[in-house]
Amino acid sequence: MEDPSDPKRMIEEPLLSDTSTAKGGARALIFIIVNEAFERLANYGLSTNLILYLTREYGIHGVKGAQILYLHSAAANFMPFLGAFLADTYVGRYPMIGFGCISCLLGMVLLWLTTIIPGARPPSCVQFHENCESASTSQLLLLYSALGLMAIGAGGIRSSSLAFGADQLGKRDKLRRAGILESFFSWYYATVSVAIFLAMTCILYIQDNMGWKVGFGIPVVLMSLSTLTFFLASPIYIKSEAKASWLAGFARVLVVSFRNRSIKLSSKATDEVYHHRKGSKLVVPTEKLRFLNKACVIKNPEEDLTPDGRASNPWSLCTVDEVEELKALIRASTMDRHITSKFQVPAASFTAFQLFSSVVWIALYDRVVVPLASKIRGKPTRLSLKQRIGIGILSSSAAMAALAMIESVRRKTAIAEGFSDDPNAVLHMSAMWLLLYFAITGFAESFCGIGQNEFFYTELPKSMSSVASNLFDMGLSAANLVASLIVTIVRNFIKGEDHESWVSSNVNKGHYDYYYWLLAGFSLVNFIYYLACSKAYGPCAVEGSNDANEGEVLTDEG
């Protein structure tokens with residue numbers, strides 16, 4: 001007879017609960033992942049080559065075309081966070097994904113129609129010729145509407161897809177102990193990476209060789225399949241209702257703690273009487289961010305509490321749970337400081353290799369390293385969340401160091417072959433050396449990216465799951481702005497021999513190797529900063545809930 005506490009059964013049971021009456025589980029998860037994969041495949045299949053479509057078919061200058069795509073990209077990156085907020089507080093995750101599917105499909109259909117309807121774009125002519133007719137207002141309006149709907153739709157889907165998938169697996173506490181969330185986040189990321197890889201290779205090839213009508217039509221078909229796939233499984237989804245309480249709860253904690261700022265807390269939290277929810281495990285607040293504890297101190301039980309134990313005025317007394325949820329948000333936000341910079345090196349296909357590398361590392365870790373470590377230790381064993389994030393950040397520094405060394409060799413080769421003044425010359429040096437950089441970068445993303453996504457999801461309140469699953473992408477957006485600032489500073493203020501900027505337009509006269517070493521140094525400083533944040537944060541929730549019967553997560557001390 002099987003032991004219900006057996007770790008293997010704990011890992012398998014939630015994912016294999018595939019009965020005819022049960023909702024959620026593996027069946028629902030497959031539909032959600034397929035929906036997201038098709039959406040990424042369709043969106044990246046259109047956006048990657050869109051600059052060529054704007055310049056060739058609309059006669060838009062490259063700089064203006066880049067500005068249009070920048071705004072489209074900025075909207076697509078911001079919309080998931082806005083969608084996550086709405087999904088968590090008002091709409092719900094299922095309606096938000098459904099709305100995103102329909103909006104994205106409509107946008108792609110409109111963009112596809114611009115390739116079919118002759119009057120939807122300017123007449124064909126020699127690019128940038130003086131007699132070329134510019135796009136009319138109505139033609140640009142159709143184009144911008146298509147891009148806008150695609151950005152809104154992508155935001156709706158990506159804002160809630162990861163959290164909605166996790167909802168199908170069961171209670172978070174059990175999932176954390178069994179390692180199921182880690183596997184789900186890993187394979188979710190791997191599936192999305194494969195989809196983007198196919199979009200940047202296969203669909204781009206079709207667009208270049210079979211034209212825009214076919215090349216844009218295929219993403220429409222894929223997005224149609226994505227929408228159909230999602231709605232087809234509606235009866236078996238676990239649909240959590242939106243809760244509008246967490247935002248107001250955070251505001252109440254801040255207001256009440258400020259009002260009670262004159263209260264003197266004792267050195268031990270147990271000396272005060274705190275207000276907590278009925279049945280809650282949190283009876284006493286933690287010592288972290290102690291000034292917020294003043295929000296849940298009961299000063300006068302007769303005045304502060306009603307006969308049934310609730311707060312007489314929610315804006316005068318908060319619960320321990322509300323205080324700790326706000327603490328979790330504040331503490332988690334300090335962890336996401338992953339500063340890195342990605343620059344295009346010769347061929348776009350190398351970026352696709354980075355995605356491929358991430359998938360390989362995910363598969364090796366989940367299917368080889370973890371089982372082997374568990375076999376050696378005699379019990380289920382995985383790296384802790386903070387260990388994986390730290391490994392990823394440290395690896396990003398190693399990746400930049402590898403790129404700096406490769407660039408140093410490339411520059412010396414260019415000078416030796418007499419190409420100092422010709423940055424476009426083809427050197428006698430294989431571009432395959434760059435694969436080392438992308439392999440390490442893929443390794444870093446497979447640990448840091450997935451680790452941070454899982455960290456935010458498990459550490460933040462359940463009511464903020466959609467927002468939590470988008471915090472990592474928001475961090476990357478902020479990192480891109482920082483990277484842009486670093487480039488500007490280096491370009492304008494740091495120069496090498498002959499007063500040439502390190503990031504000169506002539507790569508053979510500049511010193512990109514020095515610049516990459518600078519980024520490697522920043523990343524190393526970031527790792528040290530992460531260690532300090534990690535120590536200040538304390539143990540993750542999963543580290544405090546393991547026992548011998550439930551397997552083991554290697555803690556940071558271990």
Side-chain angles (χ1 to χ4, degrees), residues 1-18 22 24-26 29 33 162 165-191 281 328 332 335 358-395 443-460 462 468 530-531 534-535 537-558:
M1 180 179 241
E2 289 184 327
D3 181 1
S5 65
D6 179 55
K8 292 184 178 179
R9 188 179 175 196
M10 288 178 63
I11 295 175
E12 295 172 358
E13 185 178 4
L15 294 179
L16 298 178
S17 56
D18 204 14
L29 202 61
I33 292 180
L162 189 62
D167 287 344
Q168 313 306 311
L169 297 177
K171 295 182 178 180
R172 293 201 303 186
D173 290 340
K174 185 177 181 181
L175 295 175
R176 282 190 298 225
R177 292 193 295 268
I180 295 173
L181 270 182
E182 182 182 334
S183 295
F184 166 64
F185 278 97
S186 296
W187 288 107
Y188 178 94
Y189 183 86
T191 304
K281 295 180 180 179
M335 301 293 287
S358 296
V359 174
V360 171
W361 287 119
I362 290 171
L364 286 175
Y365 173 74
D366 197 61
R367 297 301 175 186
V368 178
V369 176
V370 170
L372 185 60
S374 301
K375 186 176 181 180
I376 294 174
R377 295 174 64 89
K379 50 189 170 184
T381 304
R382 290 175 177 269
L383 291 172
S384 71
L385 274 177
K386 293 195 289 184
Q387 283 177 333
R388 281 185 278 139
I389 296 173
I391 290 172
I393 295 176
L394 188 60
S395 298
F443 176 84
E445 287 196 3
S446 66
F447 276 82
C448 186
I450 296 171
Q452 285 199 42
N453 273 321
E454 186 182 346
F455 172 85
F456 290 131
Y457 180 82
T458 56
E459 292 296 300
L460 293 182
K462 174 70 174 177
Y530 168 78
L531 293 179
S534 179
K535 183 177 181 180
Y537 185 86
C540 296
V542 66
E543 293 171 13
S545 60
N546 293 300
D547 58 43
N549 292 327
E550 294 167 331
E552 179 177 318
V553 173
L554 293 182
T555 64
D556 302 294
E557 290 74 15

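Computation of the quantities below employed the complete heavy-atom set of this structure, encompassing side-chain atoms and omitting hydrogens, waters and symmetry-equivalent molecules. Counting begins at 1 with the first residue of the sequence.
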- Which atom pair, heavy atoms only, marks the closest approach of Pro371 to Tyr365? CD-O, 4.3 Å
- Item | Leu29 side chain reached by Tyr188 side chain, heavy atoms, under 4.5 Å | no
- Side-chain heavy-atom pair Lys386, Tyr530 within 4.5 angstrom cut-off: yes
- Kindly give the heavy-atom pair with the smallest separation between Ala444 and Ser395, and that separation in Å. CB-CB, 3.8 Å
- Which value, rounded to the nearest 0.5 Å, describes the distance between Leu394 atom CG and Phe447 atom CZ? 12.0 Å
- Leu383 and Arg388: which non-hydrogen atoms are nearest, and at how many Å? O-NE, 3.6 Å
- Message: I need the Gln168 CD to Ile33 CD1 distance, nearest 0.5 Å.
- Response: 10.5 Å
